[in-house]
Undergrad: 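Quick one: structure below, then a few questions.
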Amino acid sequence: MGFIQVSRGTRDILPEEVIYWQHVEATARELLQQAAYRELRTPIFEQTNLFERGIGEATDVVGKEMYTFNDRGDRSITLRPEGTAGAVRAYIENKLYAQGGVQRLWYIGSMFRYERPQTGRQRQFHQIGVECLGSIDPRADAEVIAIAAQLLQSLGVPEWTLSLNSLGTSEDRQRYRDALVNYLDQYKDDLDPDSQDRLQRNPLRILDSKDAKTQEIAKAAPNILGYLDTDSQQHFDRVQQLLTDLDIAYKLNPCLVRGLDYYTHTAFEFELDGLGAQATVCGGGRYDGLVTELGGPDTPAVGWAIGMERLILLLQNAELTLNQSLDFYCVARGLEAEAQALILCQNLRKQGFSVEMDLSGSTFSKQFKRADRSGAIACVILGETEACDRTVQLKWLISGEQESLLQKDLINQSQQLREKLMATKSANSSS
RNA sequence: GCGGGCGUAGCCAAGAGGUUAAGGCAGUGGAUUGUGGUUCCACCACUCGUGGGUUCGAGUCCCAUCGUCCGCCCCA
């Protein structure tokens with residue numbers, strides 16, 4: 001048809017849906033501010049090797065999902081596939097560590113991964129993330145998990161599952177990996193083809209396979225928790241104890257392996273029902289080695305990212321009704337009345353009211369129909385008579401009652417007006 | 001990247017090779033030129049995602065392509 005559509009895996013978020021986005025953003029902002037996290041904004045693209053080094057060359061994200069291109073200066077640039085690498089880069093580059101102590105940061109924004117789109121999986125998607133840098137204390141792990149749980153709760157997400165695992169130090173992980181490969185090698189021929197493939201590349205993933213036979217084999221595989229050194233074990237025990245103290249339910253999942261190389265110790269995921277294969281709405285963990293890996297001072301850190309699309313899909317499924325409220329709808333007829341109405345609308349807005357003005361110029365009957373549909377609490381009416389004596393009709397759309405008052409009184413008595421609006425609104429929403 | 005399902009109006013859809021493409025919701029106009037939510041009437045797809053092909057004839061069959069959905073891989 002010759003019409004140019006949006007790119008695959010991207011989409012427009014229309015006003016009706018934006019309401020949900022704003023709701024999530026506002027809730028997150030407030031909550032993160034309460035928890036003393038400060039917002040960080042980093043560029044949407046970075047040098048490609050930041051991600052290669054930070055996320056790990058062997059990962060799928062780096063290996064096959066990045067939006068990478070050369071710019072006009074022949075630099076290799078990548079649209080960020082996740083937020084942590086950029087946040088850590090900014091932390092190092094701006095020497096935030098020099099401020100001493102713990103840096104609590106959060107971010108919100110678009111991420112990009114070249115994948116096959118599905119519901120809850122876009123090529124451009126959005127994450128809210130937190131990074132708590134500079135503390136090895138298990139309380140930091142518990143804190144970030146608690147914040148994620150609180151956010152889900154504040155948003156009215158009814159049910160979720162928190163899965164928890166520890167990957168130990170990178171040494172623990174290496175020892176475990178060797179043991180696992182050793183074990184799985186015996187059954188190499190019985191594994192599903194995908195898993196055979198992963199044996200060298202990413203053996204920990206095999207534990208998570210959906211293939212029945214592989215699952216059977218994985219059941220008897222060595223457990224990572226048996227390979228943690230004393231410190232790792234203590235850390236993990238403490239995290240679990242703190243979560244219990246916080247009354248946050250979790251289940252241990254030794255198969256939980258996060259896909260990015262930088263994770264150490266605590267790894268966790270929040271899963272929701274009703275999102276099909278995209279159940280994971282929040283994933284995170286500790287990444288004690290990443291800051292040094294990227295050239296900064298040795299700095300332990302823990303964080304997570306929430307997938308906003310997935311979260312919002314769920315909120316929409318729950319039919320949580322959110323509307324942008326409107327105080328007044330203004331109708332007018334006749335040149336002079338229309339001019340006065342425009343001024344009146346502006347004055348009402350200056351008083352803090354939300355006002356929509358009808359621009360159709362059609363009959364009052366039509367304009368009222370639109371007033372009704374707009375969801376406004378009251379309708380401001382200006383016709384020729386009102387224009388002549390500088391009055392206005394104010395009609396309360398729910399009760400149908402109508403009053404006449406001077407235009408200047410409508411503005412001067414804004415406090416009474418506000419109270420009446422509030423009363424009408426709450427009476428209506430409670431009935 | 002692999003396997004499968006589906007694309008008819010803004011939305012939900014009927015249609016299964018044969019003249020003019022049901023219906024509903026929404027929208028617009030009117031009944032009602034100063035008063036909404038109900039009702040009634042009218043209008044609202046030269047065309048079935050797009051491009052080819054088969055056929056006397058294609059929304060319907062075939063191929064390609066794009067998009068979307070489901071699963072895998074992977075991830076938020």
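Letters A, B, ... are given to chains in the order of the sequence lines, protein chains preceding strands, and every chain is numbered from 1.
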Undergrad: Any heavy-atom pair between the side chains of A:T84 and A:Y107 that's under 4.5 Å?
TA: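 In short, these two side chains touch, coming nearer than 4.5 Å.
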Undergrad: Taking CG from A:D192 and P from B:C73, how many angstroms apart are they, rounded to a whole number?
TA: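 Going from CG in A:D192 over to P in B:C73 covers 8 Å.
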Undergrad: Is it the case that A:R173 places NZ or CZ above or below the six-membered ring of A:Y227, under 6.0 angstrom from the centre and within 45 degrees of the axis?
TA: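 A:R173 over A:Y227 ring: no.
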Undergrad: For nucleotides B:G23 and B:C43, find the distance between their P atoms and express it as a whole number of Å.
TA: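 Those two atoms are separated by 11 Å.
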Undergrad: Applying a 4.0 Å non-hydrogen cut-off, can you work out what A:E269 is touching in the nucleic acid: base, sugar-phosphate, or nothing?
TA: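 Counting heavy atoms under 4.0 Å across all strands, no contact is made by A:E269.
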Undergrad: Say we look at B:G53 and B:G27: how far apart would their C1' atoms be, to the nearest angstrom?
TA: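 One C1' to the other, the span is 39 Å.
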Undergrad: When you measure from the centre of the six-membered ring of A:F353, is the NZ or CZ of A:R418 under 6.0 Å away and within 45° of the axis?
TA: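 Yes, A:R418 sits over the ring of A:F353.
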Undergrad: Remember a base hit wins even if backbone is also touched, and classify A:G283 as base, sugar-phosphate or nothing at under 4.0 Å, heavy atoms.
TA: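 Result for A:G283 = sugar-phosphate.
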Undergrad: Strictly below 4.0 Å, N to O, side chains only: are A:E309 and A:R11 in salt-bridge contact?
TA: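 Salt bridge absent between A:E309 and A:R11.
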Undergrad: Show the distances under 3.5 angstrom between N or O atoms of the protein and N or O atoms of nucleotides 68-71 of chain B.
TA:
from, atom 1, to, atom 2, distance (Å)
B:U68, OP2, A:R8, NE, 3.1
B:C69, O3', A:T119, OG1, 3.1
B:C70, OP1, A:T119, OG1, 2.9
B:C70, OP2, A:T119, N, 2.9
B:C70, OP2, A:T119, OG1, 2.7
B:G71, OP1, A:A277, N, 3.3
B:G71, OP2, A:Q118, NE2, 3.3

Undergrad: Could you tell me whether A:R310 contacts a base, only the sugar-phosphate backbone, or nothing, with contacts defined as non-hydrogen atoms closer than 4.0 Å?
TA: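 Since a base atom lies under 4.0 Å of A:R310, the category is base.
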Undergrad: Measure from CD on A:E271 to P on B:C74 and round the result to the nearest Å.
TA: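 In whole Å, B:C74 P and A:E271 CD are 15 Å from each other.
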Undergrad: Can you tell which of B:C73, B:G34, B:G36 lies closest to the side chain of A:S365?
TA: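 Closest nucleotide among those given: B:G36.
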Undergrad: Using OP1 and OP2 only, check whether a side-chain N or O of A:R373 sits under 4.0 Å from B:U28.
TA: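 Result: yes.
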Undergrad: Mind checking A:Q367 for me? I need base, sugar-phosphate or nothing, with any heavy atom below 4.0 Å counting as a touch.
TA: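 No contact at all - A:Q367 keeps every heavy atom at 4.0 Å or more from the nucleic acid.
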Undergrad: Between the side chains of A:R286 and A:D288, is the shortest nitrogen-to-carboxylate-oxygen separation below 4.0 Å, so that they form an ion pair?
TA: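 Looking at A:R286 together with A:D288, the answer is yes, because their closest N to O distance falls below 4.0 Å.
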Undergrad: Could you tell me which nucleotide pairs with B:G71 by Watson-Crick or G-U wobble geometry, both distances under 3.5 Å, or answer none if nothing does?
TA: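 Pairing partner, where one exists within any strand: B:C2.
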Undergrad: For A:T385, report the nucleic acid contact type (base, sugar-phosphate, nothing); a contact means any heavy atom under 4.0 Å.
TA: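 Since a base atom lies under 4.0 Å of A:T385, the category is base.
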Undergrad: For nucleotides 38-44 of chain B, tabulate all protein N/O to nucleotide N/O atom pairs closer than 3.5 Å, reporting atom names and distance.
TA:
none

Undergrad: Sticking with atom P, work out how far B:G10 lies from B:C6, rounded to a whole angstrom.
TA: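 Looking at atom P only, B:G10 and B:C6 are 23 Å apart.
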Undergrad: Whole angstrom is fine here: how far is it from OH in A:Y262 over to C1' in B:C75?
TA: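 Taking OH of A:Y262 and C1' of B:C75, I get 11 Å after rounding.
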Undergrad: Does atom CG of A:L405 have more than 12 heavy-atom neighbours from other groups under 6.0 Å away?
TA: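 Enclosed.
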Undergrad: Base, sugar-phosphate or nothing for A:E65? Non-hydrogen atoms, less than 4.0 Å.
TA: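 It contacts sugar-phosphate atoms only.
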Undergrad: Assign A:R198 to base, sugar-phosphate, or nothing according to its heavy-atom contacts below 4.0 angstrom with the strands shown.
TA: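 Sugar-phosphate only.
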Undergrad: Within residues 31-46 of chain A, which residues have any heavy atom lying less than 4.0 Å from an atom of RNA chain B?
TA: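 Residues of residues 31-46 of chain A that come under 4.0 Å of RNA chain B do not exist, since none gets that close.
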Undergrad: Which base, if any, makes a Watson-Crick or G-U wobble pair with B:A64, both distances under 3.5 Å?
TA: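 Check on B:A64: paired to B:U50, both distances under 3.5 Å.
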Undergrad: Do A:F368 and the base of B:U35 stack face to face, with centres under 5.5 Å apart and an angle between planes under 30°?
TA: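 Stacked: centres under 5.5 Å apart, planes under 30°.
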